[in-house]
Amino acid sequence: MKEPVLKAVAMPPRIFWAPMYPAVVNFAIQAGILFVCITAFNISPLYFIGTIGITHILIAAYSMKEPHLSKMMLTFGPMATPSKNIYPDKGNKLAP
């Protein structure tokens with residue numbers, strides 16, 4: 001008899017349908033590029049409204065498939081370095 005696989009019920013915080021951390025990182029990167037372009041090239045900031053909106057829509061669309069994108073970003077830092085395995089084996093083991 002097949003049992004259904006249930007996903008987690010707890011949803012992470014969202015900003016306009018996108019997960020909070022990817023949306024904040026998106027805005028921070030876009031704002032940095034915006035200020036550099038304004039000071040260096042004298043470009044109007046109105047051009048960046050479209051890029052901020054498009055990337056936010058892409059993040060929101062991707063989060064429909066993977067709702068826990070924020071937690072994936074937060075756990076990537078500690079898991080980015082491979083652990084030391086006692087026995088030689090392929091892959092990253094969380095415990096020896």
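Keep in mind that what you see is a predicted model, and the values were worked out from it rather than measured.
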Task: Minimum heavy-atom distance between Thr51 and Thr55, given as atom pair plus value - done: O-OG1, 2.9 Å
Task: Cluster link Phe27 to Tyr21, ILVMFWY, side chain under 4.5 Å - done: no
- [ ] Could you grab the distance from atom CD1 of Ile57 to atom CH2 of Trp17, nearest 0.5 Å is fine?
- [x] 10.0 Å
Task: His56 side chain vs Phe16 backbone, donor-acceptor pair below 3.5 Å - done: yes
Open item on the list: My understanding is that a hydrophobic cluster links ILVMFWY residues whose side chain heavy atoms are under 4.5 Å apart, including indirect links. Using that, what else belongs to the cluster containing Ile59?
Closed with: none
TODO: Could you tell me the separation between the CD atom of Glu66 and the CE atom of Met72, rounded to the nearest 0.5 Å?
DONE: 4.5 Å
Open item on the list: Connecting only ILVMFWY residues whose side-chain heavy atoms lie within less than 4.5 Å of each other, what is the rest of Ile49's hydrophobic cluster?
Closed with: Leu46
Task: Rounded distance [0.5 Å steps], CZ in Arg14 versus OG in Ser70 - done: 8.0 Å
Open item on the list: Rounded at 0.5 Å granularity, tell me how far OH in Tyr62 sits from NZ in Lys65.
Closed with: 5.5 Å
Task: Asn26 side, atom CG; Ile54 side, atom CD1 - distance, nearest 0.5 Å - done: 11.0 Å
Open item on the list: Could you measure the distance from the CE atom of Met20 to the OG atom of Ser63? Nearest 0.5 Å is fine.
Closed with: 13.5 Å
- [ ] Output the rest of the hydrophobic cluster of Ile38: all Ile, Leu, Val, Met, Phe, Trp and Tyr residues reachable through side-chain heavy-atom contacts under 4.5 Å, sorted by chain and number.
- [x] Val25, Ile29, Ile33, Leu34, Phe35, Phe41, Ile43, Tyr47, Phe48, Met73
